[in-house]
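First comes the structure, then the notes that go with it.
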Amino acid sequence: MTMEHADRYNLAVVGGGSGGLVVAAGAAGLGARVVLFEKHLMGGDCLNTGCVPSKALLRAAKAAVAARDAARFGIRGGTGPGVQDLGPVMDWVRSRRARIAPHDSVERFTGLGVDVIQGAGRLVSRNEVEGGGRRIRARHVVIATGSRPRVPDVPGLAEAGFLTNESVFEIDRLPPSLLVMGGGPIGVELGQAFQRLGSRVTIVSSSPHVCPKEDPDAAAALAARLRAEGVTILDGARATRVEVQGGRKVVTVTGQGAAPTSIEVDEILVAAGRLPNVEGLGLEAAGVEVTAAGIRTDASGRTSVPSVWAIGDVAGGPLFTHWAGHQARVVLRNALFPGTAACDRENLPWTTFTDPEIARVGLGETEAKERGVPHRVFRVPFEGVDRAVCDGEEEGFFAKVVASPKGKILGAAIVHPHAGDLLAELVLAKKFGIGLPQLSATIHTYPSLSEISRALGDAYQKTRLTPSTRSRLERVFAWLR
Ligand SMILES: Cc1cc2nc3c(=O)[nH]c(=O)nc-3n(C[C@H](O)[C@H](O)[C@H](O)COP(=O)(O)OP(=O)(O)OC[C@H]3O[C@@H](n4cnc5c(N)ncnc54)[C@H](O)[C@@H]3O)c2cc1C
């Protein structure tokens, strides 16, 4: 069959979420002919059921805490611990989503010159995609179909019913009690938000501590805050059965070596990992290799088929919007121009947006020890940053850098309510080889939280003043008197 000119493209994108939209907009902006298949909602998980609604919910929960805690700042009128009416809170959450949605809309992308096809796309050959009643041919195909919640195979769970990120932002009644399955970023973020809004939250986490990708000290600081706010955290535990009794859900939780316990709750939220959306895409027929984690790609984003690329959650993660966006830019470059660039995994930052936030880039302390990487750790508390003290946000919070013996930044972590924003300077420094001595020599505004970076630099500089250097200096100063 010969194909009409109208059906020939430089680039076809399957999936209009965080990754796919960046490729489509970028390619169209460069003058390439682009088609985008989206089977459900433009904006994908991030806009509709992920980053955006979860951050808006966390913001509302923070407001509830601020109202309760006003007396701490000498302000009258604190509301005391209260159970919030979830309806208006969810109205706020949905209003934020609606505010951002036009940026990802069919209208905007059509205006940018992208042919948007509303339907599921499927590879029918290495260069052909079918969907929404169309069949097109493209020199390059980018698969960006994202992921979905992994629902653990717990007897009785399906019958009892549960929430996931796909349904939790659609409820309007606050569950008086909520059991969260999973202590990763999604579990702790939503767990804290619901606790602050008035639910009694239990987090069941199969790993030894919540946020298992973080160093134990960072995770412990967050866990301490969550527990202080009333969240029950069961580490090293699993939900093994769910039963419905008198309209409530009774979850059997089995811990390591401990006897099973029963926890009765009104609602269950499953946040126990993600599965890549690889089904129904015609990947096998086209010869695209898939593993349990997702579509296999090399560092350039290319799959086992040279004309097919994969980005974002479907390529096995790391599962972040900004990683999907970064991969999108790299794939765009590699598909449309000569030469090959690689994705920069080494300098990927991430943040868990709880209060306090945990922000991280590069090598962790635990990882450095396990891998035997020569390193030194510089850890400074926010107690020494005056702005944090003025804000009443210093206790238990810290920043640390895992550095090479000569002060090169190999990794960094910050635990603080504004950690995600504060990390940016350290990410830039790490990526472009700016070391701790240069951070020490950089002027930071007083009193700003950013002084934490200078404090890290100073901590390194202090170690350069050995006792013998100091005694030599003392002799020089004595001679100069
Ligand atoms: C609750 C929650 C909170 C999160 N918070 C953050 C955060 O704060 N920061 C962060 O960086 N990340 C966060 N994430 C992760 C982030 O949402 C994902 O990493 C990101 O959305 C992945 O982008 P993607 O392009 O791979 O997939 P998506 O953005 O999900 O897009 C995939 C798109 O493909 C479409 N699709 C699927 N199959 C087909 C098909 N066959 N044909 C056509 N279209 C198809 C889907 O409908 C969807 O629109 C969060 C995730 C969750 C669940």
Side-chain angles (χ1 to χ4, degrees), residues 12-24 35-59 93 97 101 104-106 109 116-124 129-132 134 141-150 163-169 180 182 184-191 193-194 269-283 294-295 297 301 309-328 331 348-354 357-360 420:
V13 183
V14 183
S18 304
L21 292 180
V22 173
V23 186
V35 59
L36 170 76
F37 292 84
E38 170 50 58
K39 74 168 182 186
H40 186 41
L41 294 172
M42 292 283 279
D45 255 6
C46 184
L47 171 64
N48 299 293
T49 55
C51 331
V52 170
S54 60
K55 264 77 264 179
L57 187 71
L58 279 162
R59 183 64 190 87
V93 169
R97 197 162 57 185
D104 293 354
S105 64
V106 173
F109 276 77
V116 180
I117 298 178
Q118 286 170 293
R122 189 176 66 89
L123 280 168
V124 283
V129 184
E130 201 174 66
R134 294 264 311 270
V141 180
V142 181
I143 309 288
T145 50
S147 64
R148 61 184 183 280
R150 186 182 74 81
L163 298 168
T164 67
N165 70 294
E166 291 175 353
S167 48
V168 71
F169 302 111
V180 181
I186 298 174
V188 288
E189 284 185 5
L190 293 178
F194 274 93
L269 172 69
V270 173
R274 312 280 304 170
L275 290 174
N277 290 329
V278 290
E279 297 80 5
L281 290 172
L283 297 172
I295 299 177
T297 63
W309 308 76
I311 58 173
D313 287 10
V314 75
L319 308 176
F320 302 113
T321 281
H322 47 284
W323 179 245
H326 170 70
Q327 287 182 307
V331 161
L348 167 72
W350 66 87
T351 300
T352 299
F353 290 94
T354 39
E357 297 175 354
I358 305 182
R360 190 38 209 284

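Note that ligands are numbered from 1 as they come in the structure, with each ligand's atoms numbered from 1 the same way.
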The protein heavy atom nearest to atom 16 (C) of ligand 1 is Thr321 OG1, 3.5 Å
Distance-minimising heavy-atom pair for Gly20 and Ile311: N-CD1, 4.0 Å
Which heavy atom of Gly420 sits nearest a heavy atom of Thr351, and at what distance? CA-OG1, 3.4 Å
Considering non-hydrogen atoms of the protein only, which is the closest contact for atom 34 (O) of ligand 1, and what is the distance? Gly15 CA, 3.3 Å
Considering non-hydrogen atoms only, spot the tightest contact between Leu283 and Val278 and give its length. CD1-O, 3.6 Å
Looking only at protein heavy atoms, what sits closest to atom 21 (O) of ligand 1 is Ser18 OG, 3.3 Å
In terms of its nearest heavy atom to atom 35 (C) of ligand 1, the top option of Lys39, Glu38, Glu166 is Glu38
Candidate pair Phe169 and Ser54, rule side-chain contact (heavy atoms from CB on, under 4.5 Å), full reasoning: CA-CA 8 Å; Phe169 302 111; Ser54 60; 3.9 Å; yes
For Gly19, take its heavy atoms, then give the atoms of ligand 1 lying under 4.0 Å from any of them. 25 (O)
What atoms in ligand 1 come closer than 4.0 Å to a heavy atom of Gly312? 26 (O)
Report yes or no: does Asn165 contribute a side-chain atom to a donor-acceptor pair with the main-chain N or O of Gly50 at less than 3.5 Å? no
Smallest heavy-atom separation, Trp350 atom then Leu348 atom, equals CE3-O, 3.5 Å
At a non-hydrogen distance cut-off of under 4.0 Å, which region of Lys55 contacts ligand 1 (side chain, backbone, both, or neither)? side chain
Heteroatom proximity flag, Gly121 to ligand 1, N/O under 3.5 Å: yes
State, to 0.1 Å, how close Ala328 and Gly19 come at their nearest heavy-atom pair, and which atoms those are. CB-O, 3.5 Å
Does at least one non-hydrogen atom of Arg122 fall below 4.0 angstrom from an atom of ligand 1? no
With a heavy-atom distance limit of 4.0 Å, tell me whether Trp323 approaches ligand 1 through its side chain, its backbone, both, or neither. neither
Are any of the heavy atoms in Met42 under 4.0 Å away from ligand 1? no
Who gets closest to atom 39 (C) of ligand 1 by heavy atom: Val278, Asn165, Thr145? Thr145
Using a strict cut-off of 4.0 Å, indicate which atoms of ligand 1 neighbour a heavy atom of Val14. 40 (C), 42 (N), 43 (C)
Counting from 1 in the order shown, the ligand 1 atoms closer than 4.0 Å to a non-hydrogen atom of Ser54 are 3 (C)
Atom 28 (P) of ligand 1: the protein heavy-atom neighbour that sits closest, reported with distance to 0.1 Å: Asp45 N, 3.7 Å
Among all protein heavy atoms, pick the one closest to atom 31 (O) of ligand 1 and tell me residue, atom and distance. Gly17 CA, 3.2 Å
Are Thr49 and ligand 1 in contact, using a heavy-atom cut-off of under 4.0 Å? yes
Region of Asp313 engaging ligand 1 - heavy atom pairs below 4.0 Å: both
Just checking Gln118: does its CD atom have more than 12 heavy atoms from other residues, nucleotides or ligands closer to it than 6.0 angstrom? no
Any N or O of Asn277 closer than 3.5 Å to N or O of ligand 1: no
Any luck finding a side-chain donor-acceptor pair between Asn277 and Arg148 under 3.5 Å? yes
Heavy-atom contacts with Leu41 under 4.0 Å: which atoms of ligand 1 show up? List them by number with element. 49 (O)
Hey, mind stepping through Asn48 and His40 against side-chain contact (heavy atoms from CB on, under 4.5 Å) and telling me if it holds? CA-CA 10 Å; Asn48 299 293; His40 186 41; over 6 Å; no
Once you round to the nearest 0.5 Å, how far does CG of Leu21 lie from CG of Leu47? 9.0 Å
Would you confirm whether Thr164, through its side chain, and Glu166, through its main-chain N or O, come within 3.5 Å as a donor-acceptor pair? yes
Would you check whether Gly119 reaches within less than 4.0 Å of ligand 1, judged by its heavy atoms? yes
Give me the atom names and distance for the closest heavy-atom approach of Gly121 to Val14. O-CG1, 3.9 Å
Have a look at Gly420, Gly50, Cys51 and point out the one with the heavy atom closest to atom 14 (N) of ligand 1. Cys51
Can you find an N or O of Phe169 that's nearer than 3.5 Å to an N or O of ligand 1? no
Please identify which atoms of ligand 1 are closer than 4.0 Å to at least one heavy atom of Phe37. 43 (C), 44 (N)
Is the backbone of Ala272 close enough, under 3.5 Å, to the side chain of Arg150 for a donor and an acceptor to pair up by distance? yes
Could you identify the single nearest non-hydrogen protein atom to atom 27 (O) of ligand 1 and state the distance to 0.1 Å? Gly146 CA, 3.3 Å
Tell me, do Arg122 and Leu281 make a side-chain contact under 4.5 Å, heavy atoms counted? no
Could you check which of Leu319, Leu190, Leu281 puts a non-hydrogen atom nearest to atom 15 (C) of ligand 1? Leu319
Is there a side-chain contact (heavy atoms from CB on, under 4.5 Å) between Asp45 and Arg274 once you walk through the steps? CA-CA 12 Å; Asp45 255 6; Arg274 312 280 304 170; 2.5 Å; yes
For ligand 1, which atoms, with element, lie under 4.0 Å from some heavy atom of Phe353? 8 (O)
